[in-house]
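Bear in mind the structure is a predicted one, so any value in this text is a computation, not a measurement.
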Amino acid sequence: LLDSSKASSQIVVVGSINADTFLPVSRLPTEGENLTLRPGCSPTVDVPGGKGCTQAVASAKLSLGTVAFCGQFGNDAAADILLKALEDEDVDVSHCGQHDDLPSGRGWVFITDSGSVSAVVSGGSNTGGWKSWQQMHQNGLVSDEIDDLLENAKCIMLQREVPEYVNVLIASEAKKRKNIVVFQDVGGEDRPISRHMLKLCDYLVPNESELKRLVLSLGETTEDGGKEEDEIVHCAKMLQKHGARNVLVTCGSRGSTLVTEAGHVLHQPASALASSTVVDETGAGDCYRAAFVVALLEGRTLHECMAFASAAGACSVTKTGAVPSTPSREEVEAHMKHATANPDKVLNIPRGGKDIGDNNFPFMFGSRLNSMKDRPELWQEPLHNPHDYVKRQAMIQGLGCVDFNYPQHFHTWSVQEAKEAIDEAGLKAGAVCLRYPSKFARGAMNHPDEAFRREAIELTKEAAVVAKELGCDEVVVWSAYDGYDYPFQVDYDEKWSQLVRAFRECCDAHPEVKFSLEYKPTDENTRFFTVPSTGAALLLVKEIDRPNMGLTLDVGHMLMSGENPAQSIAMVGKRLFGIQLNDGYTRLAAEDGMMFGSIHPSMALEIIYQLRRIGFSGHFYFDTFPQRTDPVLEAEYNIARVKAFWKAVETIDESKANQAMKEHDAISALNLVNEALRNT
């Protein structure tokens, strides 16, 4: 054992230590190929690394407490370099071994122009230097060495670049003490993990590929069997089925996901970072893991732990080498402060839509903001106001924009604050949607009192100003109150004329803003709306006669009206400013707000077909009511389904479709539908 006078440590890292050689290449070699280094580049030799060493150094630089490392050194010059790297950061190495008959562990790291890495590792003393531990594991007798290592420890960090019996032994002893967190990084040797070991771990931490390999090694499938779960969440739950507790999955630039033993799912975007600053991703995962543990022991919330870890990983990739890239606490905190304060540094969640690089999908996606209030037990932060809802909605992968209700969403913060919130989240404003307050229960633009009608019109014009301040150009008008309940209750011609005059005034006041009427046939607030169908809405738009006046069609509303949504879309054509996607069972006066295509997949296919055909240019908005479903995962499912239907439409033979329509050939049409749906 190496000499040290260190006191017992709060974080104990047991694992590997390598001397890495970095080989800069333009690309990775293929099988049987000889490849030279990039022109003008030389290898960088004996850089301290190894998952255990990197996590120990990162923990020491980030932690306010003490850190110990237990590993095995070889008999070569690299051992001195590796030992110095640990001691320079005040890591306790008194529990390490040194072996005259073994070389140090080594890694040969291929690093490409983009900063991505692949490596070959030689275990050396990392694999052959644990004979005394192997004997303890086999005999069931634990030495004072283990007791000393665990004294006052609060967390044991493990990896898989050392023999499995090392991890099982130290984890078993840690669990006997009942107050030590066992944190198992799955990275390292690709090998199965026993159910016994799964049960010993408080946190199991694979990356995405490691997660799937573990699931398959346990005889499970990575497919969700139609449960409509995110694949990562499904795989995490498969590990939990076999004994794992909290599963934390890192996904590189797509952030991280934590599935807790209580069933909560937490998503953390990758910390904002310009791609031009990415130099080397070698130690990013190790820095993430170390930072998570440091924050966890400081008593931070799980979301705060993930955010701190994400920032540490982001800081790491801006430097070369595993240990040399480990950031200081000051660097991480400065990065977090800068990323939050600077609207140009947006959260790095993949966003759907054109010019975003998401498979060139040509539309942005938005989803009902108020749905973020559903299933609050799945979210670890407050859900008291729209600012909280935006924070949760920012976790949705593929989401590109937020539609705000006016004035409903602006009682507790300013428009400027809302704009700053979506900027920081990497989102855009999609539209502002009118929600007239309940004082307009007798009508908004149709109120019998001229003063109330005037107030409703002014409120609508205010919404246009808000839209412009948020950076969007559309106001969607749905009034829960413009209509009637009984025969002879209103003068139909008068109500119609009131709407025409009101919308003309709004359109003329803000010609650069699109005003879009969202009709609905019936509602508990108004049994008959003044505009109850797509046909009636089109007549109204024609009479208003303004280029910035159009329609927003809601699939559920069209189904309630007894319409075929695709036909309604075709009727509206270029006057279709907005589309709200959902599905429903079409029971009398029911608006189910189900996930898109879940009830009527053939209708969903034709909706997408007609949207493409008319050249729709708005954004896709999901007006759904998750209620008993995780609203984040529900939105991600909707996004995936739209993209699937979009791709399915691309497979339709247009000539066959035209022929079927020309001949009114139902069988040919249905065969086309069935063939296309096979691709979803």
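If you take NZ on Lys514 and SG on Cys472, they are separated by 9.5 Å, rounding to the nearest 0.5 Å. The CZ atom of Phe625 sits 13.0 Å away from atom OG1 of Thr629, with the distance rounded to the nearest 0.5 Å. Interatomic distance, CG of Leu553 versus OG1 of Thr534, reported as 5.0 Å (0.5 Å rounding). Between the CG atom of Leu517 and the OG1 atom of Thr530 there is a distance of 10.0 Å, given to the nearest 0.5 Å. Here the straight-line distance linking atom CE of Met661 with atom CG of Asn658 works out to 6.0 Å at 0.5 Å rounding. Once rounded to the nearest 0.5 Å, the distance linking CE of Met372 with CD of Gln393 reads 5.0 Å.
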| How far apart are the C-alpha atoms of Leu239 and Leu214, what are their side-chain angles, what is the distance that settles it, and do they pass the side chain to side chain contact (heavy atoms under 4.5 Å, CB included) test? | CA-CA 8 Å; Leu239 295 181; Leu214 279 184; 4.0 Å; yes
| task | Check the pair Lys428, Ile422 against side chain to side chain contact (heavy atoms under 4.5 Å, CB included), reporting the backbone distance first and the verdict last. | result | CA-CA 6 Å; Lys428 298 179 180 179; Ile422 59 175; 5.7 Å; no
| request: Verify side chain to side chain contact (heavy atoms under 4.5 Å, CB included) between Met549 and Glu543, making sure each step is shown before the conclusion. | output: CA-CA 10 Å; Met549 183 69 204; Glu543 191 166 342; over 6 Å; no
| Full working for ring pair (Phe, Tyr, Trp, His ring centres under 6.0 Å) between Phe515 and Phe577 | CA-CA 8 Å; Phe515 288 87; Phe577 291 171; 9.7 Å; no
| field | Residues Lys212, Glu210; criterion salt bridge (Lys or Arg N to Asp or Glu O under 4.0 Å); working and verdict | value | CA-CA 5 Å; Lys212 295 177 182 178; Glu210 292 159 355; over 6 Å; no
| Derivation and outcome, side chain to side chain contact (heavy atoms under 4.5 Å, CB included), residues His447 and Tyr481 | CA-CA 9 Å; His447 200 286; Tyr481 309 115; over 6 Å; no
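Proximity of a side-chain donor or acceptor of Ser310 to a complementary backbone N or O of Met306 within less than 3.5 Å is not detected. For His557 (side chain) and Ser533 (main-chain N/O), no donor-acceptor pair under 3.5 Å exists by modelled atom type. The closest donor-acceptor contact from the side chain of Asp482 to the backbone of Ala444 lies under 3.5 Å. Using a distance-only test at 3.5 Å, with no hydrogens or angles considered, no donor-acceptor pair links the side chain of Asn405 to the main chain of Arg435. A donor-acceptor distance shorter than 3.5 angstrom exists from the side chain of Arg368 to the backbone of Thr624, with no hydrogens or angles considered. Counting only distance, with no hydrogens or angles, the side chain of Asn582 and the backbone of Gly556 share a donor-acceptor pair below 3.5 Å. Remark: side-chain polar atoms of Glu663 are not paired, donor with acceptor, to backbone N or O of Ala660 under 3.5 angstrom. Checked by atom type and distance alone, the side chain of Glu220 never pairs as donor or acceptor with a backbone atom of Met238 at under 3.5 Å. Arg504 contributes no side-chain N or O that, together with a main-chain N or O of Ala502, makes up a donor-acceptor pair within less than 3.5 Å. Counting only distance, with no hydrogens or angles, the side chain of Lys373 and the backbone of Leu383 share no donor-acceptor pair below 3.5 Å.
Under the 4.5 Å side-chain criterion, counting only non-hydrogen atoms from C-beta, Ser367 is in contact with Leu399. In this structure, Met445 and Arg453 have side chains that are not in contact, with every pair of non-hydrogen atoms separated by 4.5 Å or more. Trp478 is not listed as a side-chain neighbour of Leu434, based on a closest heavy-atom distance of 4.5 Å or more. Put simply, the side chain of Leu266 reaches to within 4.5 Å of the side chain of Gln380, judged on heavy atoms. Under the 4.5 Å side-chain criterion, counting only non-hydrogen atoms from C-beta, Val465 is not in contact with Val415. Contact of the Glu458 side chain with the Glu505 side chain is registered, since non-hydrogen atoms from C-beta on lie closer than 4.5 Å. Put simply, the side chain of Trp646 reaches to within 4.5 Å of the side chain of Phe361, judged on heavy atoms. Looking at heavy atoms from C-beta onward, Ile607 lies in side-chain contact with Ile569 at the 4.5 angstrom threshold.
Considering every non-hydrogen atom in both Val531 and Ala536, the closest pair reads CG1-C, 4.0 Å. Nearest approach of Val541 to Gly550, heavy atoms of both residues: CG2-O, 4.0 Å. Closest approach of Asn525 and Ala480 over heavy atoms only: CB-O, 3.3 Å. The two residues Cys401 and Ala429 come nearest to each other via the heavy atoms CB-C, 4.2 Å. Ser256 approaches Thr250 most closely through the heavy-atom pair CB-CA, 4.2 Å. When all heavy atoms of Ile599 and Gly584 are compared, the pair lying nearest together is CG2-O, 3.5 Å.
Counted by atom type alone, Lys495 and Gln498 present one or more donor-acceptor pairs between their side chains at under 3.5 Å. Residues Gln408 and Asn370 bring a donor and an acceptor atom of their side chains to less than 3.5 Å of each other.
For the pair Arg501 and Phe503, the cation-pi test (distance below 6.0 Å, angle within 45°) is failed.
Between Phe404 and Phe410, the ring-plane angle classifies as tilted under the 30° and 60° cut-offs. Using the six-membered ring where Trp is involved, Phe622 and Phe365 have ring planes that are parallel, under 30° apart on the 30 and 60° scheme. Aromatic ring orientation, Tyr389 versus His409: perpendicular (interplanar angle above 60°, classes split at 30° and 60°). Between Tyr621 and His619, the ring-plane angle classifies as perpendicular under the 30° and 60° cut-offs. By the 30° and 60° cut-offs, the orientation of the rings of Tyr492 relative to Tyr484 is tilted.
The number of heavy atoms from other shown groups lying within 6.0 Å of CZ (Arg442) does not exceed 12. Heavy atoms from other residues, nucleotides or ligands lying under 6.0 Å from NZ of Lys468 number more than 12. Heavy-atom neighbours of Lys461 NZ from other residues, nucleotides or ligands within 6.0 Å: above the threshold of 12.
The pair Glu469-Lys419 does not count as a salt bridge, with every side-chain nitrogen at least 4.0 angstrom from each carboxylate oxygen. A salt bridge does not link Glu650 with Lys647: every distance from a Lys NZ or Arg NE/NH1/NH2 to an Asp or Glu carboxylate oxygen is 4.0 Å or more. One finds no salt bridge joining Glu518 and Lys520 here, because no Lys/Arg side-chain nitrogen approaches an Asp/Glu carboxylate oxygen to under 4.0 Å. Asp190 and Arg213 are joined by a salt bridge, as a carboxylate oxygen and a charged side-chain nitrogen come within less than 4.0 angstrom of each other. In this structure, Glu381 does not pair ionically with Arg392, as no charged nitrogen and carboxylate oxygen lie closer than 4.0 Å.
For the ring-ring contact (aromatic ring centres under 6.0 Å, His included) test, no residue two or more places apart in sequence or in another chain qualifies with His600.
Between His264 and Trp379, the distance separating the two ring centers is not shorter than 6.0 angstrom. Phe363 and Phe620 have their aromatic ring centers within a separation under 6.0 angstrom.
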